There are 2 protein chains.
Amino acid sequence: MGITVKDVAGMAGVSTATVSRVINNEKGIRLSTREKVLEAVKVSGYRVNTFARSLKTNKSRTIGLISPEIANDFFMNIARGVEGFLERFGYSLIICNTNESAKEELRRSELLIEKNVDGVIIIPATKRGTHFSLLRDAGIPFVFADRLTSDYNGDAVLVDNQKGSFEAISWLIEQGHSNIAFIGGSPELSNARERYAGYLQALEKYKIKKDERLILTGNFHVDSGYRLMEQLVGLNDPPEQVFIANYFMHVGAIKYLISNSLEPDVSPGIGSFDDLELSSILGYASVSVAQPVEEIGSKAAEILLSRINGDVSPENKILRLHTKLRISL
Amino acid sequence: MGITVKDVAGMAGVSTATVSRVINNEKGIRLSTREKVLEAVKVSGYRVNTFARSLKTNKSRTIGLISPEIANDFFMNIARGVEGFLERFGYSLIICNTNESAKEELRRSELLIEKNVDGVIIIPATKRGTHFSLLRDAGIPFVFADRLTSDYNGDAVLVDNQKGSFEAISWLIEQGHSNIAFIGGSPELSNARERYAGYLQALEKYKIKKDERLILTGNFHVDSGYRLMEQLVGLNDPPEQVFIANYFMHVGAIKYLISNSLEPDVSPGIGSFDDLELSSILGYASVSVAQPVEEIGSKAAEILLSRINGDVSPENKILRLHTKLRISL
DNA sequence: TTGAAAGCGCTAACAA
DNA sequence: TTGTTAGCGCTTTCAA
């Protein structure tokens, strides 16, 4: 705490302006001068004061991540992608946990504005997103990841949810199943809706008429998966196969099956969005839709960075990443 | 972008100093004045410029978290505790992923210093910690969480690892088992060492002599648990029980057992550090040691905050949180 | 290619 | 109880 450009300038026998230029790698400086300054920087152990720099430049080289939950592998793999990408550019990542609450999303947005982040990546918790206009008004660019809000749009990086579940369901049908249930998340969430749409699309393509009793909707959590699987198994004529639209629901479903000693030979077979290895090892899951999770983050970061660096093209950049079908035999 | 204390002062007909006082909730201001200012703040939509504030105060109200991995439930539950605690005080959290590399720990420390964080919480990746002297030299307080480095000390929040595994092993012994294997992590990590010490302590107390063939050391990852369980089961006389010292190793071990159709009646029973619900549902695990994970984070944050707020007592504050024994029947 | 100097928006010492 | 004012350390015109 203490060495400033002034000190360095004094040591190198130049002006503070020159020191600043050298530090920021500007060109148009005599090599010998640059070396003198660099030497002084080294000797003195000088470090820029980012507060002062930011006060001038109005850039913090910090970006925010708003996530519905931070103790969650899926979201944090996105975060990993973001961090890995940004770190190379000297950016750091402020992570905010909203506990799936729109109110918290608002609070955290305010916090991030106050912190002068240069941009924000948002994994929205609900379909509402108007409160993010706060960021827009503050001139802070943001990119949605994984999901869209339905009342607000902007740049986004998503996976092709509909195609993913369409492919999985189609595969199940081609294996000879026609009795396929669907355990999905809240239609509040765009990805939940899209995965459901893929299910319907496959049924339609193969002329299978949908059976409302086999279509269950909960939320993307373990408990919900547990209960819905219970409900499904409790039917008079349980389905041959169930497609579970989310990792945590899948965990819950398996938990139910095991707790109730429903071995794979008597339980419905399972297809799923996201891969739950234990499920296929145990013999329940036969097909899953794998998402490029980290890439969601890194691509979102890339788009965000382009916005930060002045890309003002008005149309929304929406990137749909491809999923991969995984068959376990 | 634009409204400053000066603008607000103008609107309210007071000086910038007064505005500053009101904003910072200082006392000794006439109520009517305060109201005038607050009104002007509201009307104008003023927001403090944290860059300017920080330049003056030298405080960023930001703290860093250095974690070996960010897509990891355990570490992120710690982060959750940290974020939840700090957020109430207007602090935000910069998260850094070191990929379990000491070199990255150094780089991230530098980044955080540059960002002028007020403090850092560190989950160290290895036993080496001398590179954190960088933080100390920069006058930035830090607190270790979950683990200690062995060549460097400081404030820390840990769980009572030794006591935890001691209790679990003791319980197994009291159930009549004397043939208990141990699958543990690298002695690089303090928590791995302590958990092993608890194992030994229990054997000693019950006068069971240790069998080197039953003591296997790997690292705290899924693959390692898989391989070590394989190794154990491959012995001529496999043990009745195995104590697995970490969640991910437990996952790997179960994966091995299931893949190889070793049902609970033929496989060793399992005790573990951390709870893997599926394992007890499947009938493998009978006892586990539960850690107060989020509390590790919140307590670490609390200590850090006290340091930031000027607590300079020289002795290291080391907090050991209690684990809980969980029996599954 | 370099230097002088203004000023980013805020806080805090000092004065009133 | 409030105001005046001097910086915090940096970047960036403008001039040389």
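All of these numbers come straight from a predicted model, not from anything done at the bench. Below, read A as the first sequence line, B as the second, and so on, with proteins coming before strands; counting in each chain starts at 1. Hydrogens, waters and symmetry mates are skipped; everything else that's a heavy atom, side chains included, is used.
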- [ ] Verify the contact: side-chain N or O of B/S20 to OP1 or OP2 of C/dC10, cut-off strictly under 4.0 Å; return yes or no.
- [x]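 For C/dC10, OP1/OP2 do not have a side-chain N/O of B/S20 under 4.0 Å.
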- [ ] Using only side-chain N and O atoms of A/T18, determine if any of them is under 4.0 Å from OP1 or OP2 of C/dG3.
- [x]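 Yes, such a contact exists.
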Open item on the list: Counting C-beta onward and ignoring hydrogens, is there a side-chain heavy-atom pair between A/R80 and B/E69 closer than 4.5 Å?
Closed with: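 SC-SC contact between A/R80 and B/E69 confirmed.
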Task: Any side-chain heavy-atom pair of B/I123 and B/I66 under 4.5 Å - done: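 Side-chain contact under 4.5 Å: no.
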Tabulate protein N/O versus nucleotide N/O from nucleotides 6-9 of chain C, keeping only pairs under 3.5 Å, one per line.
residue	atom	partner	partner atom	Å
C/dG7	N2	A/K56	NZ	2.9
C/dG9	N2	B/A52	O	3.4

TODO: Evaluate the ring planes of B/F89 and B/F85, with Trp represented by its six-membered ring, and classify them as parallel (under 30°), tilted (30 to 60°) or perpendicular (over 60°).
DONE: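 The rings of B/F89 and B/F85 sit tilted, inter-plane angle from 30° to 60°.
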TODO: For the residue pair A/F132 and A/F142, categorise the inter-ring angle as parallel (less than 30°), tilted (30 to 60°) or perpendicular (more than 60°).
DONE: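 Tilted.
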Under 3.5 Å, is there a donor-acceptor pair between the [X] and [Y] side chains?
| X | Y | value |
| --- | --- | --- |
| A/N116 | B/T50 | yes |
| A/R107 | A/S109 | no |
| A/R53 | A/N58 | no |
| A/D118 | A/S60 | yes |

Open item on the list: To the nearest 10°, give me the bend of the helix from C/dT1-D/dA16 to C/dA16-D/dT1, comparing the axes of its five terminal pairs at either end.
Closed with: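 What I find for the helix from C/dT1-D/dA16 to C/dA16-D/dT1 is an axis angle of 30°.
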TODO: Could I get the full list of side chain to side chain donor-acceptor pair (under 3.5 Å) partners for A/D155, not counting sequence neighbours?
DONE: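 A/D155 satisfies side chain to side chain donor-acceptor pair (under 3.5 Å) with A/R307 once adjacent residues are dropped.
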Task: Partner set under side chain to side chain donor-acceptor pair (under 3.5 Å) for B/R34, not counting sequence neighbours - done: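 Here no residue qualifies.
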Length of the [atom1]-[atom2] vector between [X] and [N], whole Å:
| X | N | atom1 | atom2 | result |
| --- | --- | --- | --- | --- |
| B/K6 | D/dG3 | NZ | P | 15 Å |
| B/R61 | C/dC10 | CZ | P | 16 Å |
| A/K59 | D/dG9 | NZ | C1' | 19 Å |
| B/N58 | C/dC10 | CG | P | 17 Å |

- [ ] Go through residues 24-36 of chain B and report each residue with a non-hydrogen atom lying under 4.0 Å from DNA chain C, sorted by number.
- [x]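 Output list: B/N24.
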TODO: Compare every heavy atom of A/S54 with every heavy atom of A/K59, then report the nearest pair and how far apart it is.
DONE: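 Scanning both residues, the minimum pair turns out to be O-OG, 2.7 Å.
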TODO: Apply the test side-chain hydrogen bond (donor to acceptor under 3.5 Å, both in side chains) to residues B/S101 and B/N99: give CA-CA distance (whole Å), side-chain angles for both, the deciding distance (0.1 Å), then the verdict.
DONE: CA-CA 5 Å; B/S101 138; B/N99 260 310; over 6 Å; no
Which atoms of nucleotides 13-15 of chain D (N or O only) lie under 3.5 Å from a protein N or O atom, and what are those distances?
residue	atom	partner	partner atom	Å
D/dT13	O4	A/R21	NH2	3.3

Open item on the list: Just verifying a value: how many Å separate B/I113 CD1 and B/I140 CD1, rounded to the nearest 0.5 Å?
Closed with: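 Between atom CD1 of B/I113 and atom CD1 of B/I140 there are 5.0 Å.
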